[in-house]
Amino acid sequence: MDRYNPQEIEKKWQARWEKEQTFRAAPKGKDLPKNLKTPKVFLAEMFPYPSGAGLHVGHVRNFTIVDVLARFYTQQEMNVLRPFGYDTFGLPAENYAIKTGISPQEATKTNITNFRKQLKRLGYAIDWSREINTSDPEYYKWTQWCFLQLYKKGLAYRKESYQWWCPVDQTVLANEQVENGCCWRCGHEVEKKKMKQWFFKITEYADELLADIDALDWPDKIKTMQRNWIGRSEGAEIEFEVASVANTYIKVFTTRPDTVFGATFLVLAPEHPAVKKLVTEETKAEVEKYQSDALKKSEIERQENKEKTGVFTGSYAINPATGEKIPIWVSDYVLMGYGEGAIMAVPAHDERDYEFAEKFDLPIKEVIEKPEGSSDDEKCYHGEGKLINSGHLDGTDSSEARELVINWLSEQGVGKQKVTYRMRDWLISRQRYWGCPIPIAYDEDGNEYPIPEDQLPVIIPEVKDYKPDNTGRSALAKAKDWLTFEMEVKDKKTGKMVKKKLTRETDTLDGYACSSWYLWRYVSAHDDKAAWDQKAIKYWAPTDVYVGADHAVAHLLYIRFWCKFFADQGYLPFREPVKTLLYNGYINAPDGKKMSKSKGNVIDPLDVIDQGYGADTLRTYEMFIGPYDQDAAWDPKSVGGVYRFLNRCWNLCFDETMHATSERGSSSDTLKGARPSLWSDEDLIPDVADRLVQRHKTIKKVTDDIHRHNFNTAVSTLMEYVNYLYKEKATAEDIVTLAKLIKPFAPHLACEMLEKMESDDIWPVWDEKYLATETVEVVVQVNGKLRAKISVAAEDLENQEKIEELALAEDNVKKFTSDGIKKIIFVKQAKLVNIVA
RNA sequence: GGCCGAGUGGCGGAAUUGGUAUACGCGUUCGACUUAAAAUCGAAUGAAGAAAUUCAUACGGGUUCAAGUCCCGUCUCGGCUACCA
């Protein structure tokens with residue numbers, strides 16, 4: 001007998017899959033599969049950044065989940081689309097280029113080649129004809145096209161604003177790229193810088209992005225994070241007239257308009273544009289110093305020092321509810337980016353305002369009565385209650401008063417209902433070389449001209465030196481031939497077409513823009529007529545199952561935003577890009593800590609394969625390691641256990657001593673070419689009944705488990721089946737069933753077994769009739785404690801009286817029921833009798 | 001501080017709708033094979049007890065014929081978030 005040799009058989013099957021292009025989703029040269037009536041499944045993982053280090057075990061877990069599903073659905077004869085791509089723009093390649101002079105284009109090519117080779121060694125069922133790469137001009141041409149669509153609709157715009165700036169990477173960062181006041185890439189503290197930047201107006205879709213979360217088949221964790229990120233607040237916008245400066249109003253946002261009578265001062269963010277109008281001779285110097293200090297303060301300092309600071313502007317506003325004059329202050333606890341950048345302070349009912357009032361000795365006026373018996377012992381009560389000190393609204397319940405106040409202020413023209421979002425517009429320009437160029441140019445007056453669609457792509461020029469220049473512009477500014485050019489444009493004044501000298505935008509797009517549409521590119525990956533083909537998108541998309549372990553908010557929110565936008569433009573026939581999202585956990589080092597090069601605890605998946613375990617063991621192990629959505633620690637000993645299991649599968653097929661033989665001695669011809677030692681079910685009557693039960697139970701359990709994404713228990717079910725077959729020996733049908741069921745996990749081994757058995761790989765179907773056995777075991781409890789098990793004929797389950805009688809007849813039951821029986825509960829479904837004594 | 005998870009043998013974990021707690025794997029022990037070891041195969045393995053049995057799903061209560069599962073409270077760990085008005 002040949003021994004299980006993964007090295008040999010994996011090489012053999014990988015070569016065959018490559019040659020036969022086994023995993024192409026469509027016949028050559030066509031976009032759609034032949035049989036459109038078969039259900040389609042579009043599966044994808046979050047495409048990786050192909051780093052020089054190659055695949056790590058985390059990738060393997062992520063990709064194997066997709067692969068198991070792809071193979072499972074393929075075996076069920078569905079049309080499966082399982083493409084692959086690379087997210088190649090980004091800082092690592094650029095920093096590497098700055099350090100070594102090797103161009104990002106070249107480094108990316110090398111890395112992809114390595115990645116592709118490694119992916120093939122894992123035996124993934126990838127349709128390689130659809131491989132995409134975001135830094136390929138063929139791809140980013142269409143990223144630029146997407147940008148222009150957003151630009152046309154006014155959803156891509158330029159605005160001067162204070163932005164997070166990383167002084168090391170020399171680029172602005174989006175809010176979600178700032179972690180604890182530090183750059184997500186290099187970890188350096190970020191600063192605020194006033195710059196003109198490009199944005200996508202994601203806030204336009206805030207309401208829909210929020211509302212549609214409910215219906216998504218996504219993990220609750222991610223749904224909650226997205227809801228929090230969008231951060232919708234309902235409240236009111238209230239205008240406060242400035243007493244000392246004519247015709248000046250300060251708008252504030254509040255979620256508690258019911259407390260307006262208690263607003264005893266206003267607070268403005270240091271960056272608020274009205275501040276310069278409000279300062280007086282005496283306060284000017286001090287306020288300006290406070291403003292410039294606040295700008296210099298890093299996010300970390302702001303967080304560390306929660307002690308309230310602030311300064312009086314010297315001006316007063318009129319509280320529209322009370323008519324009282326109240327002072328206007330400036331403090332950095334009010335953020336310019338949220339609401340109106342100004343608040344009405346109600347110190348009696350808001351902790352932050354309370355602290356501020358205490359510190360600067362400002363009046364505190366209670367306007368909500370704490371209900372009796374309230375356990376809230378905070379200094380300022382922020383719950384609901386009856387209004388007091390609130391003029392005509394005294395005695396009203398605070399929850400009702402909110403609307404009454406809004407209506408009342410609205411009648412006077414100084415207030416209205418308002419919804420505010422925590423989410424800001426998406427900052428997309430980056431001062432980096434290695435990104436998708438923004439297809440915009442400027443004339444000498446700074447007017448914007450989009451590059452016409454037929455002139456795309458704007459190709460990234462090769463440069464010698466990749467360092468950003470010290471003006472905050474990317475290295476693209478160094479490509480002089482590329483930077484300026486002539487283009488026919490409509491003259492802004494005369495409206496005639498004229499040739500104009502233009503300068504290109506040197507900012508590139510945030511990498512998240514490139515990954516916001518790649519799922520749709522997969523349906524017609526190398527289409528040169530459109531970003532995605534309409535017929536193909538209609539058939540394949542949206543993505544049925546999307547698997548990842550990162551980007552809970554950013555990427556998964558942006559892709560939803562683009563989906564809604566392109567749906568509105570008529571390019572997509574759906575409004576949500578991903579039906580089911582699986583979010584897999586991380587794989588940690590054996591010590592339970594995160595794997596990292598510096599700690600030297602990294603497990604290299606290719607090493608595991610080369611040690612002799614093979615790809616099938618690696619794949620199966622990573623599915624068996626635990627529930628896919630939980631973190632798990634790598635255990636080298638358990639890898640050995642999975643290898644032993646696959647080895648046992650192999651033996652059942654190739655070791656004749658493991659084969660069931662018939663005492664009647666007749667060989668079966670039900671399986672052509674099967675070895676003489678191998679017997680079919682038919683030869684084994686009468687012991688065939690239990691065998692069929694085990695087999696069909698296994699088929700059902702494995703099928704259900706994969707549907708539920710319980711990959712770990714699917715594998716353990718197969719282990720139980722193999723243990724059973726080791727005891728009882730295997731028939732031809734057993735071996736074929738086992739091979740088919742294990743194929744999603746260990747495809748090479750399964751193919752080898754199926755080849756030997758001359759069998760197809762079509763997913764087996766269980767028959768309910770084998771699941772119902774002739775005799776069943778009924779559990780007998782007394783007072784909920786297990787006391788006996790009785791074996792009864794299956795049809796007797798309908799006969800409650802008989803079962804109760806049998807149960808009571810058990811010696812061990814009699815022992816515990818000698819004091820009499822109160823009642824008997826019989827649960828047919830659970831096959832259980834509970835006697836209450 | 002706020003929100004959301006989780007806590008089961010020596011370890012990773014199973015228990016799908018409230019119905020036999022600890023499947024499967026690792027580890028450990030014993031046995032077979034072997035001159036021997038590895039590999040492989042077989043058996044045992046929550047704790048206490050000779051046994052019947054009792055006690056065990058973080059802790060304390062509750063609901064129920066029956067609770068790992070549901071409810072209330074406490075503790076511990078993890079994730080996200082953090083002056084968002």
Side-chain angles (χ1 to χ4, degrees), chain A residues 3 180 219-225 227-229 231-233 235-236 252-256 259 263 267 269 302-303 305-308 331-335 337-346 349-353 355-356 382 420-424 552-553 585 592 621 624-627 629-642 644-645 647-648 651 701 704-705 707-708 710 712-723 726-727 777-789 812 815-816 822-837:
Chain A
R3 292 191 49 137
N180 291 322
D220 286 335
K221 187 174 88 176
I222 308 243
K223 289 164 76 163
T224 306
M225 280 166 76
R227 283 191 196 100
N228 292 342
W229 184 262
R232 184 189 147 103
S233 290
V252 304
F253 174 73
T254 178
T255 53
R256 293 293 302 269
T259 63
V267 188
R302 271 199 183 190
Q303 273 175 350
N305 189 7
K306 293 226 168 162
E307 180 83 8
K308 295 278 179 293
S331 173
D332 65 4
Y333 85 89
V334 176
L335 310 171
Y338 184 76
E340 302 294 334
I343 59 153
M344 63 174 207
V346 185
H349 305 293
D350 182 283
E351 278 165 63
R352 296 151 303 185
D353 298 344
E355 267 178 53
F356 195 82
H382 48 260
T420 294
Y421 299 92
R422 204 192 82 110
M423 181 171 68
R424 323 279 161 85
V553 178
Y621 170 65
F624 181 64
I625 194 168
D629 56 349
Q630 277 173 36
D631 290 353
W634 187 268
D635 179 5
K637 290 266 175 59
S638 284
V639 179
V642 171
R644 270 193 284 282
F645 160 62
N647 205 8
R648 281 156 78 89
N651 290 343
K701 182 75 168 31
D704 288 350
D705 275 351
H707 274 301
R708 285 189 298 252
N710 292 342
N712 55 329
T713 52
V715 174
S716 60
T717 302
L718 288 167
M719 287 173 169
E720 285 179 79
Y721 187 44
V722 166
N723 290 345
Y726 249 62
K727 269 195 204 93
E777 192 176 66
V778 173
V779 167
V780 184
Q781 296 178 332
V782 178
N783 293 331
K785 285 210 167 82
L786 176 68
R787 294 302 175 192
K789 292 177 183 179
N812 206 33
K815 204 167 113 189
F816 288 92
K822 293 204 187 87
K823 71 176 170 181
I824 300 176
I825 285 150
F826 173 63
V827 189
K828 194 172 97 189
Q829 194 150 23
K831 294 174 207 145
L832 174 142
V833 181
N834 190 14
I835 298 154
V836 187

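Numbers restart at 1 for each chain; the letters A, B, ... are given by sequence-line order, proteins then strands.
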Would you mind writing out the side-chain donor-acceptor pairs for residues 828-837 of chain A within the sub-3.5 Å range, not counting sequence neighbours?
residue : atom : partner : partner atom : Å
K828(A) : NZ   : E798(A) : OE1          : 3.4
K828(A) : NZ   : E798(A) : OE2          : 3.4
N834(A) : OD1  : N783(A) : N            : 3.4
N834(A) : OD1  : G784(A) : N            : 2.9

Produce a footprint string for nucleotides 47-55 of chain B: one letter per nucleotide, 5' end first; B if the base is under 4.0 Å from any protein heavy atom, S if only the sugar-phosphate is, - if neither.
-----SSSS

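Here N712(A) reaches the OP1 or OP2 of A14(B): one of its side-chain N or O atoms lies under 4.0 Å away. Side-chain N/O atoms of N651(A) include none lying less than 4.0 angstrom from OP1 or OP2 on U40(B). For R644(A), a side-chain nitrogen or oxygen approaches OP1 or OP2 of C26(B) to under 4.0 Å. Note on K221(A): every side-chain N or O is 4.0 Å or more away from OP1 and OP2 of G5(B). Of the side-chain N and O atoms in S233(A), one or more sit less than 4.0 angstrom from OP1 or OP2 of A85(B).
Here E355(A) lies out of heavy-atom contact (under 4.0 Å) with every strand. Among the protein residues, N710(A) comes within range of no part of the nucleic acid, since none of its heavy atoms lies under 4.0 Å from any strand.
For the pair R227(A) CZ and U81(B) C1', the interatomic distance rounds to 16 Å; values are reported in whole Å. If you measure from atom CG of L786(A) to atom P of A21(B), you get 6 Å, rounded to the nearest angstrom. Here the P atom of nucleotide U40(B) and the CZ atom of F645(A) are 15 Å apart, to the nearest Å.
Taking the side chain as every heavy atom from C-beta outward, Y621(A) and W634(A) approach each other to under 4.5 Å.
A side-chain donor-acceptor contact under 3.5 Å links D350(A) to the backbone of D353(A).
For RNA chain B, if you chain together Watson-Crick or G-U pairs that step i with j, i+1 with j-1 and so on, the runs of at least three with distances under 3.5 Å are B:1-7 with B:75-81, B:10-12 with B:24-26, B:27-32 with B:40-45, B:46-48 with B:53-55, B:58-62 with B:70-74.
For R648(A), the listed nucleotide lying nearest its side chain is G42(B); candidates were C83(B), G42(B), C24(B).
A gap of 30 Å separates the P atoms of G5(B) and C65(B), to the nearest Å. Straight-line distance between the P atoms of A66(B) and U20(B): roughly 14 Å, to the nearest whole Å. Distance check on atom C1': C70(B) versus G25(B) gives 31 Å, rounded to whole Å. Atom name P, nucleotides U16(B) and U69(B): the rounded distance is 13 Å, in whole Å.
With respect to the salt-bridge test (charged N to carboxylate O, under 4.0 angstrom), the residues R708(A) and D705(A) qualify.
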